[in-house]
Q: 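One structure, pasted below without further comment.
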Amino acid sequence: MPDIFISEEKMEEEKEVKENNPIQKEVKEMLGKTLIKDNKKSLIASFLRNPRGVGFEIKEKEEKIELLLRMHPITNIKWILVTIIMIFAPIVLSKFPILDFLPGNYRFIAILGWYLIVTSFVLENLLTWYFNVYIITDERIIDVDFYNLIYKDISTAEIERIQDVSYTMGGVFRTLFNYGDVFIQTAAEKPNFEFLAVPKPDKVVKLLQDLMIQEKQEAIEGRVR
Amino acid sequence: MGQVIFPNFPTWAVAKVFVLFGMAIYVVFGFVVVRQVKLMTDTLQLGYESIAKVLSYVHLLFTIAVFIFALMIL
């Protein structure tokens with residue numbers, strides 16, 4: 001049973017014991033191996049380990065972000081191609097007499113209005129991609145979703161409540177660019193978490209498994225963190 | 001055949017009202033985007049908040065500029 005009150009002396013003793021605990025050392029080494037490698041600092045990356053300068057509104061003071069994920073950049077290709085078509089559409093369509101029934105000033109406003117729609121389309125897709133993130137901290141997983149610039153949905157689940165983690169990776173693009181979907185079953189209020197089209201799903205699953213081991217270890221030792 | 005039913009109907013004046021109404025709604029949408037970006041940047045601090053805010057304000061200015069321009073030339 002965990003202690004409710006622990007004296008400073010006892011805490012220091014426990015700290016020493018923990019530091020010398022071989023299982024704890026092993027878990028730390030395992031996490032270190034998973035976390036320290038290829039630590040990219042670019043904040044537009046879609047797989048960011050131990051990111052610096054990143055925060056979220058419900059972050060606790062001592063909570064440490066282990067991994068920040070968003071959809072693989074290649075998933076943006078569809079709307080980028082649509083944007084290119086939209087940009088050149090008025091030029092191509094000017095060869096056909098579609099808007100000829102309109103007076104010149106109306107035609108001009110129609111084109112301006114069209115480019116306004118293109119701007120909104122780009123902005124919406126870009127912001128949705130950039131701000132829809134999945135965060136794995138040392139204590140929980142967080143899924144931040146913004147739908148169509150209007151709805152916000154933030155779901156969290158404690159690491160200790162994770163029951164099962166799996167991933168799928170199929171198809172030419174996904175194999176080629178090494179991204180896939182990670183599925184997490186939890187005993188939390190939201191039973192299923194889906195990290196969709198995230199890079200390196202195998203590493204994400206490995207990290208989650210390592211964190212689950214660490215949480216179990218903490219539970220055995222009666223520690224909170 | 002080919003007869004205009006209402007020869008004095010102000011077609012382009014009505015069209016202008018519809019266009020301006022559409023543009024006004026778009027300006028409101030521009031404000032919604034600014035508001036939403038603020039909400040996003042308050043929720044998450046990912047490092048490029050200022051750029052996202054600038055983009056949303058540029059978009060808003062573009063909507064307002066098109067509205068004013070339509071008001072002037074139509």
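The chains referred to below are lettered A, B, ... by the order of the sequence lines, with proteins before strands, and numbering in each begins at 1.
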Q: Taking CD in A/Glu189 as the centre, count heavy atoms belonging to other residues, nucleotides or ligands within less than 6.0 Å. Is the count above 12?
A: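 Not buried by this count: 12 neighbours or fewer within 6.0 Å.
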Q: Tell me the residues of residues 16-24 of chain B whose non-hydrogen atoms fall below 4.5 Å from those of chain A, in number order.
A: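 Residues B/Lys16, B/Val19, B/Met23 are the ones that qualify, each having a heavy atom under 4.5 Å from chain A.
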Q: Within a 6.0 Å radius of atom OH on A/Tyr115, are there more than 12 heavy atoms belonging to other residues, nucleotides or ligands?
A: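 Buried by this count: over 12 neighbours within 6.0 Å.
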Q: Would you be so kind as to tabulate the donor-acceptor pairs closer than 3.5 Å made by side chains of residues 51-74 of chain B, with sequence neighbours excluded?
A:
from: B/Ser56; atom 1: OG; to: B/Lys53; atom 2: O; distance (Å): 2.7
from: B/His59; atom 1: NE2; to: A/Ser120; atom 2: OG; distance (Å): 2.7
from: B/Thr63; atom 1: OG1; to: B/Leu60; atom 2: O; distance (Å): 2.5

Q: Is it the case that more than 12 heavy atoms not belonging to A/Lys190 sit under 6.0 Å from its NZ atom?
A: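 Atom NZ in A/Lys190 is crowded, with more than 12 foreign heavy atoms closer than 6.0 Å.
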Q: Is there a side-chain contact between A/Phe56 and B/Leu46 (heavy atoms, below 4.5 Å)?
A: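 Side chain of A/Phe56 against side chain of B/Leu46, heavy atoms only: no contact under 4.5 Å found.
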Q: Is the closest side-chain heavy-atom distance between B/Gln36 and A/Phe146 below 4.5 Å?
A: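 A side-chain contact exists here, since the closest heavy-atom pair is under 4.5 Å.
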Q: Is the CZ atom of A/Arg161 crowded by more than 12 outside heavy atoms at less than 6.0 Å?
A: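 Atom CZ in A/Arg161 is not crowded, with 12 or fewer foreign heavy atoms closer than 6.0 Å.
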Q: Which bit of A/Leu102 comes within less than 4.5 Å of chain B, counting heavy atoms only: side chain, backbone, both or neither?
A: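 Both the backbone and the side chain of A/Leu102 come within 4.5 Å of chain B.
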Q: More than 12 heavy atoms of other residues, nucleotides or ligands under 6.0 Å from NZ of A/Lys216: yes or no?
A: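 Incorrect, the count does not exceed 12.
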Q: A/Tyr106 and B/Trp12: which non-hydrogen atoms are nearest, and at how many Å?
A: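 Of all heavy-atom pairs spanning A/Tyr106 and B/Trp12, the closest is OH-O, 2.6 Å.
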Q: Is A/Ile117 in contact with chain B via its backbone, its side chain, both, or neither, using a 4.5 Å heavy-atom distance?
A: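 Both parts, backbone and side chain.
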Q: Any heavy-atom pair between the side chains of A/Val54 and B/Leu44 that's under 4.5 Å?
A: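 No; the side chains remain at least 4.5 Å from each other.
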Q: With rounding to the nearest 0.5 Å, note down the distance linking NZ in A/Lys152 to OG1 in B/Thr43.
A: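 Going from NZ on A/Lys152 over to OG1 on B/Thr43, the span is 3.0 Å.
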Q: Heavy-atom pairs under 4.5 Å with chain B are the metric here; pick the option from A/Ile109, A/Val144, A/Ile154 that has the most.
A: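 Most heavy-atom pairs under 4.5 Å with chain B: A/Ile109.
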